[in-house]
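As C-alpha cells, the structure follows; a few thoughts come after it.
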There are 4 protein chains.
Amino acid sequence: MKRQAPPAAESSATPGAARSSEKYQRILDAAIAVIAENGYFNAPVSRIAELAGVADGTVYLYFKNKEQILMAAIEKALTTFLERARQELQTVDDPKQRLRRLACLHFESLAANRELAVVLQIELRQSAKFLAEFSHRYLVEYFNLIRSIIREGQERGVFRQDVSEKIAANCYFGALDEMVTSWVLSEREYSLPAMADAVVDLLVRGMETRPDV
Amino acid sequence: MKRQAPPAAESSATPGAARSSEKYQRILDAAIAVIAENGYFNAPVSRIAELAGVADGTVYLYFKNKEQILMAAIEKALTTFLERARQELQTVDDPKQRLRRLACLHFESLAANRELAVVLQIELRQSAKFLAEFSHRYLVEYFNLIRSIIREGQERGVFRQDVSEKIAANCYFGALDEMVTSWVLSEREYSLPAMADAVVDLLVRGMETRPDV
Amino acid sequence: MKRQAPPAAESSATPGAARSSEKYQRILDAAIAVIAENGYFNAPVSRIAELAGVADGTVYLYFKNKEQILMAAIEKALTTFLERARQELQTVDDPKQRLRRLACLHFESLAANRELAVVLQIELRQSAKFLAEFSHRYLVEYFNLIRSIIREGQERGVFRQDVSEKIAANCYFGALDEMVTSWVLSEREYSLPAMADAVVDLLVRGMETRPDV
Amino acid sequence: MKRQAPPAAESSATPGAARSSEKYQRILDAAIAVIAENGYFNAPVSRIAELAGVADGTVYLYFKNKEQILMAAIEKALTTFLERARQELQTVDDPKQRLRRLACLHFESLAANRELAVVLQIELRQSAKFLAEFSHRYLVEYFNLIRSIIREGQERGVFRQDVSEKIAANCYFGALDEMVTSWVLSEREYSLPAMADAVVDLLVRGMETRPDV
DNA sequence: AATGAATGAGCGTTCATTCAT
DNA sequence: AATGAATGAACGCTCATTCAT
C-alpha cells in the first residue's frame, strides 16, 4: 500500500499507456487476470509484470511481496463493496428488502468482473492460514453487516427469534457464495443478478415469522 | 521376473501400482495431513512420503503426479460419503427428513476428520481449472442427489414448485458448505453436527409449501 | 555436514569421475576454487555446482545453504590444521622450538593450497558478523594453543613475564597472518615456509628473557 | 546554464561532481556506517543514499559505482593517516621512538572511529582482487614508511642487520593489524592505544641489537 | 515393488545503475 | 546538480519427477 508518489503527470511522449502511476492499478489488474487464469501459485510475478507492462522489479516498488498483491486486490474489492453496500442500504428500511438489496449488490459486483470473482471465490482459499487471516480481517465485516440486518429483523418481529442470527447469516452468505461459485465455474453464460430474487426468497421465507395462520 | 501381482482395479488416478495396497492408503492419509497443514502448494511430495513412511520415488508408483494424489484423496472421500449417503437415505422416505439426514451425514463425515475437512473446504480450490474439473467429475453427483430429493418433494407437493430445483440445491449445499468452512476456520471447538437441525430447518421452511393459511 | 549415505560404491559405467559421494568433497573443492577466484559474494552457487560437475540442486543435498559451504570448508581446514599441529607439537618440548614448529606448519599448510589460503586470508573476513562468529568458534582454539605455549615458556622462565600472554599471542599470530596475506597477494612466487625462521626469530627474541647481561 | 561551479580536484574515484562538496563527504560517512554495520555486499546503495540524505541517483554524481565509494572512503582514511603520521614523525628522531609513535597513531586513528576500523579491518577484504589492488595502491605507502624507519634503524645500528627489513615491516604491521582486529571483534570495551607500548616493546626488542653483553 | 540421490527448471526477490524530468 | 521511479539481470533456493540400482 506504500504507493510511491507518482512523479507528476502523464506526458505525451509515452506510447500507448500513460506514463506514471496508475501503474499500481495496472499491476493489480494484471495480477487478478493472471491469478484468475492460473491460480495464485501458478501465477509468476514475472508474468504479472509482463501483463502490466512493467519490469519485474517494478512490482516490488508497489507491493512488498507477491502475497501482498493478492491481499491488496481482495481488500480493495471488499472495501469497495462494503462501502457501496452500506451506502445503498441507507435508503432501504425493511429488513427483507435490505437482504434483497445486499444480494443484488453481491451478485452485481462479482458479475461485473468475472476475473475478480474467480479470484475471490477460488484463489482466496488457497490455504487455511491465508483464508483464516483474511476472514478475520475483512470478511468478518461483511458478516457483521448481514447479522445486523437479521438481528434488526428479529427485533422488529419480521424474522423468527428461534433462528440463531449467526447461523442464519452463514446460510445466507453460503447460499450467495455458492451461487457465485456455480456461476464462475459454469461454462454457460447466464445472468447472476437475475438469480438474486429466487435465492433471497428462499432464505427470507426460511427466516420469516409466518404471517400467522 | 518376480513381479508381485499388481492387484486389480486401477482408476485414472492410479497407475501401475495397487490401489488397494496398504501403502496406497498410507500415502493418501499422509497427503491429507500434510496438505491440510500447509496447503497443497506448500506440501512437498517428499514430506508426504516421509509421513507415509515410504521413499519419495515410491509415491510415483502409486500416483502419476502430485495433483493425482489430491484428486484420489478427494475422490475417495466423496465416493465413500455418497455411498454411505445413498445407503442411509434408503431408510428415509419423507423429503424433508431426507434433507435432514443428508445434512447430518455431511456434517458428521467432515467433523469426524478435520484434516479432510480442511482439504475439502479449502485446498480443493487451488485453481479454477482444478475446481472446475473436480466439480464436474465428483461434486456433480452430490448435487444430483440433492436435486433429486428436492424434485421428489416438489412432486409430492411438500416443496414449492416455484423454486428452481437447481437454485434450491445450490442454496442448500452452499449453506452446509459455509457452515463447515466456518467450523474449520473457527478456533473455538464446537459440534458441527449439532448445527444440522437449525440449518435444515431454515432451508426447508424456505422451500416448503405453506401448511396453507 | 548432513552427509548423505553414499549409495554404495563407484561403478564402472561412470565416465571420468567416480559416481557417488566424494561429491561432498568435490563441491567443497569447487567452492574454494570459485570463492578464491571471485570472492564469496561473487561466487554463484551455480558456478560452484558446475565446477563440481553436479546439478545446482545437488549442492543443497550436501549443504544447507551457501554460507554453510564456506563454513564447512573453513572448519575442515582449521580442524585438520589444529589436529596436525597438536600431534606434531607433542614431539617438541622447548617453547621456542614449539613456536617455530607451529609457524612452519602454519606456512606449509597454506602454501600447499593457495586457493584455500586465499579463502582463509581474505574471504573469511567478508563481514564483521561472519568473522566474529567464526573467530569465536574455531580460531579461538588456535589462539589458545599459541597462548598455552607462551605461558609455558613464561613459567619455565624462557619468555619474559612482563609480556601479556594474550598480546604476545596476538602479535605472533598477526605476524604470521600478515606474512601469508603478503604471500597470497604477491605476484612473485616465493617460498612461504622459508620465511618461518626469520619471523619466529624476530618474535621469539622479542619475548625471550635476555640471556642476562 | 546555471551549473554551479564543479569544484576543482577530481581523483580517479571521483567523476563529474565535486570531491570537496559537503554531500560527497556525507555519502562517504554514510557508506562507512552502512558497510560497517552490514558488510559491503549487504550495504545497498539506496541505504547509503538514505543515510546521507540524498537521492539514490545523486550518489552516482559523486562516485562512478559502489566499489568506488568504498575505495574513496578507504583512500581518504589512509591518506589522512599517512599525512598525519609523516608530520608527527618529523618531531621524532630515534627509530624505536618513531615506531612507537607510529603504532600509537595507528591505534588512535582507528580507535577514534570504530566504524572505519571495521571497514578497514574487515570489509576491505571482500575479494582477493579488491584487496590486491588496494594494497598496491595505498597500503604500499604505509609499508614503505615502516620500512624506511626500520632501515634507518639498521643503518644507525639500532636494529639488527640480519633481519630482512621487509619481513620486519610485515611482522610489525601484522602485529598492529591483529591487535586492531582483535579489538574490533571484542565485545568488551578496552583502550586500544593503551596496548601500543606492549606491542611495540615486543617487536622492537625482537629487532634491536643486543645492548651487547 | 522400492529406493533415494540426482536433476534442473523455475520462482520470488534484490539492488546497482540509468535517465527523463 | 538533483531526483527517484524504473529497470532487468542475477542469484539463492525449492521441489516435482526420474532412474539406476
Side-chain angles (χ1 to χ4, degrees), chain A residues 4-9 11 13-14 19-21 23 41-49 54-67, chain B residues 2-6 16-18 21 23 41-49 54-67, chain C residues 4-9 11 13-14 19-21 23 41-49 54-67, chain D residues 1-6 16-18 21 23 41-50 54-67:
Chain A
Q4 250 85 339
S11 93
T14 324
R19 181 70 110 302
S20 204
S21 254
K23 252 170 201 167
F41 281 101
N42 290 315
V45 172
S46 60
R47 193 132 62 208
I48 294 174
V54 300
D56 291 15
T58 304
V59 171
Y60 291 87
L61 255 30
Y62 292 86
F63 300 92
K64 197 168 129 273
N65 55 38
K66 190 183 170 185
E67 188 178 311
Chain B
K2 54 174 174 177
R3 248 257 212 116
Q4 301 258 13
S21 150
K23 271 179 188 170
F41 281 99
N42 293 314
V45 172
S46 60
R47 193 136 61 205
I48 294 173
V54 301
D56 292 13
T58 305
V59 171
Y60 289 84
L61 295 175
Y62 292 86
F63 301 92
K64 196 168 126 267
N65 55 38
K66 188 182 170 185
E67 191 179 307
Chain C
Q4 250 83 338
S11 93
T14 325
R19 180 70 109 301
S20 204
S21 253
K23 253 169 201 168
F41 281 101
N42 291 315
V45 172
S46 61
R47 193 134 61 209
I48 294 173
V54 300
D56 292 15
T58 304
V59 171
Y60 291 86
L61 256 30
Y62 292 86
F63 300 92
K64 197 169 128 274
N65 54 38
K66 189 183 170 185
E67 190 178 310
Chain D
M1 241 187 248
K2 56 175 175 180
R3 252 262 207 109
Q4 300 259 10
S21 150
K23 272 179 189 168
F41 281 98
N42 292 315
V45 171
S46 61
R47 192 134 63 208
I48 294 174
E50 186 186 30
V54 300
D56 292 16
T58 304
V59 171
Y60 289 84
L61 294 174
Y62 291 86
F63 300 93
K64 196 167 127 267
N65 54 37
K66 188 182 171 184
E67 190 178 309

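A, B, ... follow the sequence lines: proteins, then strands. Residue 1 opens every chain.
- Within 4.0 Å of Val54(B), counting heavy atoms only, lie sugar-phosphate atoms of the nucleic acid but no base atom.
- Looking at Asp56(A) and Val45(A), their side chains never come closer than 4.5 Å, going by heavy atoms from C-beta outward.
- Considering CD of Glu67(C) and NZ of Lys64(C), their distance stands at 8.0 Å, rounded to 0.5 Å.
- For the pair Asp56(D) and Ser46(B), both in contact range of DNA chain F, the more 5′-proximal nearest nucleotide belongs to Asp56(D).
- Atom pair Tyr60(D):OH and dA16(E):P shows a separation of 6 Å (rounding to whole Å applied).
- Phosphate contact (OP1/OP2 of dA2(E), side-chain N/O of Lys23(B), threshold under 4.0 Å): present.
- Here dA20(F) sits opposite dT3(E) as a Watson-Crick or G-U wobble pair (both hydrogen-bonding atom distances under 3.5 Å).
- Between Arg47(D) atom CZ and dG4(F) atom P the separation is 18 Å, expressed in whole Å.
- Using a 4.0 Å heavy-atom cutoff across all strands shown, Ala43(C) reaches sugar-phosphate atoms only and no base atom.
- For Tyr62(C), no side-chain nitrogen or oxygen approaches OP1 or OP2 of dA5(E) to under 4.0 Å.
- dT14(E) and dA9(F) make up a base pair, with Watson-Crick or G-U wobble contacts both under 3.5 Å.
- Place Gly57(B) and Thr58(D) on DNA chain F by their nearest nucleotides, and Thr58(D) ends up nearer the 5' end.
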